[in-house]
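All residue numbers refer to positions in the sequence shown, counting from 1.
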Amino acid sequence: MAAYVLMRQAQQAADRLDGDQAAALAATAESLVPLTDRDRALCLIRQAQGHALQGDQTRSLAAINAAHRLVDRAAEVGEDDPDTIGRHCTLAYLRAYEGYCLLRLGLVGPAARTLKDILEGWPSDYRQDEALTRAWLALAYAAAGQLTEASAEGSHALTLTATTNSARAMRPLHQLHARLAGQTASDEALKFNNAFSLVVSTVRL
């Protein structure tokens, strides 16, 4: 539990874009006690986020690859250890954060492909995480100059965000809104910007 709390603090640091603290907290969490595969994978995901925010591609992708091995092993075993807290750390969850790290590292093409691929088979009971993942995909499209795709994906993410009250998903959608501001030539961009303003003014997140 102590390791899980530190991992969550690392996630909060990553949400604040504090890569140094995210990586340090996650590394401490991983070293505290022997962890189950999925819980250790969560710690590695947070380390990957922290390193991506620092611009350290080598260490970020190494942490992602190590997390893949742990999640694959947990899936092979079948039934999780009863001490596992992070049962939500599935392949879909891991690959979503892999896409996020690629995006933060400026690898927008691989990021978009990773996020699009994993969303095609997204589990139906993880709607908040889907909203966040779709918001990241929209940002990847925007960074690649694909504004129509970015706007359409952003609108999809916005609908899920309003439905699930996901404050975390609103952060990248704020960034998308700023990128698309003034893009009146695109019907999709105008639709997204209008919907975003409506959600911000009417939905408490």
Side-chain angles (χ1 to χ4, degrees), residues 1-32 35 38-64 66-67 85-86 88-89 92-108 111-112 114-115 118 126-143 150 153-154 157-158 160-162 164-181 196-197 199-201 203-205:
M1 180 60 75
Y4 190 82
V5 169
L6 281 171
M7 183 280 299
R8 289 284 291 134
Q9 291 175 344
Q11 184 176 34
Q12 291 164 1
D15 285 344
R16 298 192 302 271
L17 306 183
D18 187 342
D20 293 346
Q21 189 171 29
L25 284 167
T28 301
E30 188 190 3
S31 68
L32 278 184
L35 300 174
R38 291 193 193 277
D39 288 342
R40 186 168 172 230
L42 278 173
C43 294
L44 286 164
I45 289 170
R46 302 300 166 237
Q47 289 180 55
Q49 285 182 268
H51 294 317
L53 289 165
Q54 294 168 328
D56 190 334
Q57 178 176 331
T58 300
R59 294 176 75 185
S60 180
L61 297 185
I64 286 292
I85 299 174
H88 63 285
C89 188
Y93 184 90
L94 168 57
R95 294 210 66 209
Y97 280 92
E98 180 179 358
Y100 168 83
C101 289
L102 292 169
L103 177 60
R104 294 299 313 188
L105 290 165
L107 304 171
V108 295
T114 298
L115 294 166
I118 200 61
Y126 289 165
R127 286 305 180 209
Q128 281 197 344
D129 288 320
E130 181 183 355
L132 184 60
T133 303
R134 288 192 181 280
W136 291 336
L137 177 55
L139 279 179
Y141 281 143
E153 200 61 56
L158 186 63
L160 284 169
T161 299
T164 60
N165 293 314
S166 175
R168 292 186 67 222
M170 280 301 290
R171 296 187 186 104
L173 289 174
H174 269 284
Q175 297 172 42
L176 181 65
H177 177 64
R179 281 180 176 266
L180 296 178
F196 180 85
S197 298
V199 169
V200 168
S201 64
V203 179
R204 180 183 292 273
L205 296 174

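Pairing each heavy atom of Ala22 with each of Ala14, the nearest pair is CB-N, 3.9 Å. The two residues Thr161 and Ala131 have their closest heavy-atom pair at OG1-CB, 3.7 Å. Smallest separation of non-hydrogen atoms from Leu35 and Ala3: CD2-CB, 3.7 Å. Closest approach of Ala10 and Ala26 over heavy atoms only: CB-N, 3.8 Å.
Gln54 meets the side-chain hydrogen bond (donor to acceptor under 3.5 Å, both in side chains) test with Asp20, His51; sequence neighbours excluded. With sequence neighbours excluded, the residues forming a side-chain hydrogen bond (donor to acceptor under 3.5 Å, both in side chains) with Tyr93 are Arg46, listed by chain and number. In terms of the salt bridge (Lys or Arg N to Asp or Glu O under 4.0 Å) criterion, residue partners of Asp15 (sequence neighbours excluded) are, by chain and number, Arg168, Arg171. For Arg16, the side-chain hydrogen bond (donor to acceptor under 3.5 Å, both in side chains) criterion is met by Gln21, not counting sequence neighbours. Contacts of Leu176 classified as side-chain contact (heavy atoms from CB on, under 4.5 Å), with partners at least two apart in sequence or in another chain: Ala138, Leu139, Ala142, Ala150, Leu173, Leu180, Phe192. Under the side-chain contact (heavy atoms from CB on, under 4.5 Å) criterion, Ala27 pairs with Gln47, sequence neighbours left out. Legend: residues meeting side-chain contact (heavy atoms from CB on, under 4.5 Å) with Ile85, ordered by chain and number and at least two apart, are Met1, Tyr4, Asp39. Residues passing the salt bridge (Lys or Arg N to Asp or Glu O under 4.0 Å) test with Glu130 are Arg127, Arg134, sequence neighbours excluded. Residues that satisfy the side-chain contact (heavy atoms from CB on, under 4.5 Å) test with Ala52, not counting sequence neighbours, are Ser60, Cys101, Arg104, Leu105.
Rounding to the nearest 0.5 angstrom, the gap separating the CG atom in Leu115 from the OH atom in Tyr141 is 9.0 Å. Interatomic distance, CD of Gln49 versus CG of Leu17, reported as 10.0 Å (0.5 Å rounding). Taking CG of Leu102 as the start and CD of Gln57 as the end, the distance is 8.0 Å to the nearest 0.5 Å. Annotation: the span from Leu160 atom CG to Asp129 atom CG amounts to 11.0 Å, rounded to 0.5 Å.
Using a 4.5 Å heavy-atom cutoff, the side chains of Phe196 and Met170 are in contact. Here the side chains of Leu44 and Ile64 are not in contact, with every heavy-atom distance at 4.5 Å or above. Within the 4.5 Å cutoff, no side-chain heavy atoms of Gln11 are placed close to those of Ile45. Looking at heavy atoms from C-beta onward, Glu98 lies out of side-chain contact with Ile118 at the 4.5 angstrom threshold.
Checked by atom type and distance alone, the side chain of Arg38 pairs as donor or acceptor with a backbone atom of Cys89 at under 3.5 Å.
Among the candidates Gln9, Met7, Arg8, the single residue satisfying the side-chain contact (heavy atoms from CB on, under 4.5 Å) test with Val5 is Gln9.
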- Item | side chain to side chain contact (heavy atoms under 4.5 Å, CB included) evaluation trace for Tyr97 with Leu132 | CA-CA 10 Å; Tyr97 280 92; Leu132 184 60; 3.9 Å; yes
